2 protein chains.
Amino acid sequence: MKDNSEIVSLLGKHLQQIRKEKKLTLEQLSQKSGVSRSMLSQIERGQANPTFGTLWNLSRALGLDMSELVEEFESSGPISGKIDVLLAADTPRISNTQNGCTLAILGPHDQVGQFEWYELQIEPDGILDSQPHTQGTREHLTVLQGAAEVTSGDQTIQLNVGDTGRYKADVPHAIRCAGKVALKALLVVMG
Amino acid sequence: MKDNSEIVSLLGKHLQQIRKEKKLTLEQLSQKSGVSRSMLSQIERGQANPTFGTLWNLSRALGLDMSELVEEFESSGPISGKIDVLLAADTPRISNTQNGCTLAILGPHDQVGQFEWYELQIEPDGILDSQPHTQGTREHLTVLQGAAEVTSGDQTIQLNVGDTGRYKADVPHAIRCAGKVALKALLVVMG
DNA sequence: ACCAAAAATCCTTTATATTGGAATATTTCG
DNA sequence: CGAAATATTCCAATATAAAGGATTTTTGGT
């Protein structure tokens with residue numbers, strides 16, 4: 001076989017960088033991926049040449065595509081050092097007075113489609129009914145005030161103050177205000 | 001190791017498809033890549049699980065990027081259809097009673113490093129002082145109650161209820177409770 | 001500085017990726 | 001159809017990926 005120790009070694013460094021960014025220990029990554037800590041250690045140090053299957057397990061555990069795991073990292077452009085402020089009055093909102101819903105769009109515009117977050121408010125008896133988003137999308141709802149009833153697919157669940165629900169958003173889904181007071185919640189959508 | 005024979009088998013089929021499109025025999029591909037015919041045959045039939053180094057050699061021989069070789073398999077694995085609930089009582093928290101800070105970790109564990117989000121509470125006069133995160137990280141802070149004073153690098157800014165601040169988090173930064181009541185805020189960290 | 005806990009590395013054993021060549025199957029062409 | 005040429009699969013031997021436990025190193029608190 002041709003010599004490729006160089007590229008194998010680079011892969012190891014890249015893997016280690018990703019793991020450290022996620023603040024995972026070898027043990028934790030081992031648990032999630034099913035790959036032994038010793039193997040992980042050897043891979044990171046370029047002393048082992050992982051199989052495709054092992055890389056697959058690792059990419060799944062790290063929440064990455066295979067291609068992200070194997071591609072060379074491109075230098076991200078410089079980011080403005082100043083603090084950007086979005087005043088409450090300027091915060092874009094989506095209101096549906098019909099159903100008593102208000103969504104304050106809190107995320108930056110340049111991340112739409114990947115990761116969006118909202119402060120959600122629903123009046124008593126109101127409901128936020130949503131069509132399926134793109135394949136693989138998930139929503140994470142944390143109740144800040146009141147109570148919510150979440151339906152995703154054929155399942156329904158009740159969430160109280162402080163509770164978080166995580167569910168598929170690539171099927172029809174709905175959030176209902178389940179109490180006598182308005183529901184306030186944090187809604188995170190990950191594509 | 002977790003079972004991944006299914007995906008390994010798919011890789012084999014994909015490789016064979018590419019080879020036939022290029023009208024190469026096992027022998028020819030073997031010559032160009034340095035991988036033995038027998039190994040190629042086994043890989044294509046899903047009877048072997050090639051190493052990263054072998055895949056690298058193959059991708060070079062086929063004139064493909066590594067990511068192109070594996071791009072068929074980028075879509076994320078099956079995601080549970082059931083709603084996952086994290087009760088308020090079970091929500092992991094980071095407390096620093098010294099500085100009157102509490103962070104409720106709301107994001108799922110498998111996204112650490114990419115996106116993390118928290119509900120942040122700081123008592124009057126309290127402060128959350130943070131060391132730099134990894135290069136390129138930004139934080140997004142939305143005030144839910146009270147008022148905050150955010151410092152990032154050499155800049156400081158005041159945020160009131162409903163305001164959102166976005167700033168570099170790869171430099172030393174701090175969030176201070178700027179009012180007489182406790183600060184409650186949503187903190188999103190993007191790596 | 002010390003100690004205890006956690007994390008990473010090292011060591012041994014097992015499973016298997018990889019090879020070269022022999023055997024089989026497939027295609028080509030008279 | 002049959003033989004030669006080519007392509008693929010099977011087999012035995014070797015190198016090494018992978019796992020599990022033991023040891024060393026690092027980390028964090030007092």
Side-chain angles (χ1 to χ4, degrees), chain A residues 1-62 66 69-70, chain B residues 1-62 69-70 94-99 112-113 129-131:
Chain A
M1 162 133 84
K2 281 183 185 171
D3 178 36
N4 48 33
S5 52
E6 194 61 35
I7 193 71
V8 169
S9 171
L10 283 177
L11 171 76
K13 291 209 176 70
H14 188 202
L15 174 63
Q16 183 169 60
Q17 184 185 335
I18 294 172
R19 177 175 65 83
K20 296 208 161 159
E21 277 174 8
K22 293 188 186 299
K23 299 220 191 339
L24 290 171
T25 67
L26 291 176
E27 173 63 26
Q28 290 171 319
L29 182 53
S30 173
Q31 292 283 338
K32 291 187 68 167
S33 64
V35 177
S36 70
R37 0 174 218 316
S38 6
M39 184 43 31
L40 291 175
S41 175
Q42 290 191 56
I43 293 169
E44 288 187 353
R45 284 175 293 133
Q47 294 184 4
N49 184 357
T51 62
F52 175 74
T54 297
L55 287 176
W56 174 259
N57 288 341
L58 287 175
S59 73
R60 296 333 308 149
L62 292 167
M66 274 294 279
L69 195 57
V70 300
Chain B
M1 162 136 84
K2 282 184 185 170
D3 179 38
N4 48 34
S5 50
E6 193 62 32
I7 195 71
V8 169
S9 171
L10 284 176
L11 170 74
K13 291 207 176 69
H14 187 207
L15 174 63
Q16 185 168 59
Q17 185 186 332
I18 294 173
R19 178 175 64 85
K20 296 209 160 157
E21 276 172 10
K22 293 190 184 300
K23 301 228 186 338
L24 291 171
T25 68
L26 290 177
E27 174 60 27
Q28 289 171 320
L29 183 52
S30 174
Q31 292 284 339
K32 292 187 69 166
S33 64
V35 177
S36 69
R37 313 161 278 275
S38 2
M39 180 58 1
L40 291 175
S41 174
Q42 289 189 59
I43 293 169
E44 289 188 353
R45 284 174 294 135
Q47 294 183 5
N49 185 355
T51 62
F52 174 74
T54 297
L55 286 178
W56 174 260
N57 289 341
L58 287 175
S59 73
R60 300 293 299 180
L62 292 167
L69 196 56
V70 301
I94 303 171
S95 287
N96 183 332
T97 47
Q98 195 99 323
N99 297 329
V112 171
D129 218 322
S130 305
Q131 289 309 113

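Just so it is clear: chains get the letters A, B, ... in the order the sequence lines come, proteins before strands, and each one is counted from 1. Computed from a predicted model, the values in this text were never measured in an experiment.
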side-chain contact (heavy atoms from CB on, under 4.5 Å) with A:E44: which of A:R19, A:H14, A:K20?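 Only one of A:R19, A:H14, A:K20 forms a side-chain contact (heavy atoms from CB on, under 4.5 Å) with A:E44, namely A:R19.
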List in chain and number order the residues that pass side chain to side chain donor-acceptor pair (under 3.5 Å) with A:S41, two or more places apart in sequence or in another chain; answer none if no residue qualifies.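 Scan of A:S41 (side chain to side chain donor-acceptor pair (under 3.5 Å), adjacent residues dropped) gives A:R45.
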In whole Å, what is the span from the [atom1] atom of [X] to the [atom2] atom of [N]?
{"X": "B:M39", "N": "D:dT14", "atom1": "CE", "atom2": "P", "value": "17 Å"}
{"X": "B:L40", "N": "C:dA17", "atom1": "CG", "atom2": "C1'", "value": "13 Å"}
{"X": "B:L24", "N": "D:dA7", "atom1": "CG", "atom2": "C1'", "value": "13 Å"}
{"X": "B:L29", "N": "D:dT8", "atom1": "CG", "atom2": "P", "value": "10 Å"}
{"X": "A:F52", "N": "C:dT18", "atom1": "CZ", "atom2": "P", "value": "13 Å"}
{"X": "A:E27", "N": "D:dG20", "atom1": "CD", "atom2": "P", "value": "11 Å"}

Give me the atom names and distance for the closest heavy-atom approach of A:A48 to A:V8.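 Closest approach of A:A48 to A:V8: O-CG1, 3.4 Å.
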Please give me the minimum heavy-atom distance between B:N57 and B:S33, naming the atom from each residue.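 What the structure gives for the nearest pair is CB-O, 3.5 Å.
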Grab the N/O contacts between the protein and nucleotides 9-16 of chain C below 3.5 Å, and write none if there aren't any.
unit_1, atom_1, unit_2, atom_2, d
C:dT9, OP2, A:S41, OG, 2.9
C:dC10, OP2, A:R45, NH1, 2.5

Could you tell me which residues satisfy side-chain contact (heavy atoms from CB on, under 4.5 Å) with A:S9, sequence neighbours excluded, listed by chain and number?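 Partners of A:S9 under the side-chain contact (heavy atoms from CB on, under 4.5 Å) test: A:K13.
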How long is the straight-line distance from CD1 of B:I43 back to CE of B:M39, given to the nearest 0.5 Å?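 Reported value, rounded in 0.5 Å steps: 5.5 Å.
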With a 4.0 Å cut-off on heavy atoms, is A:T25 in touch with a base, just the backbone sugar-phosphate, or nothing at all?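 Counting heavy atoms under 4.0 Å across all strands, the contact made by A:T25 is with sugar-phosphate only.
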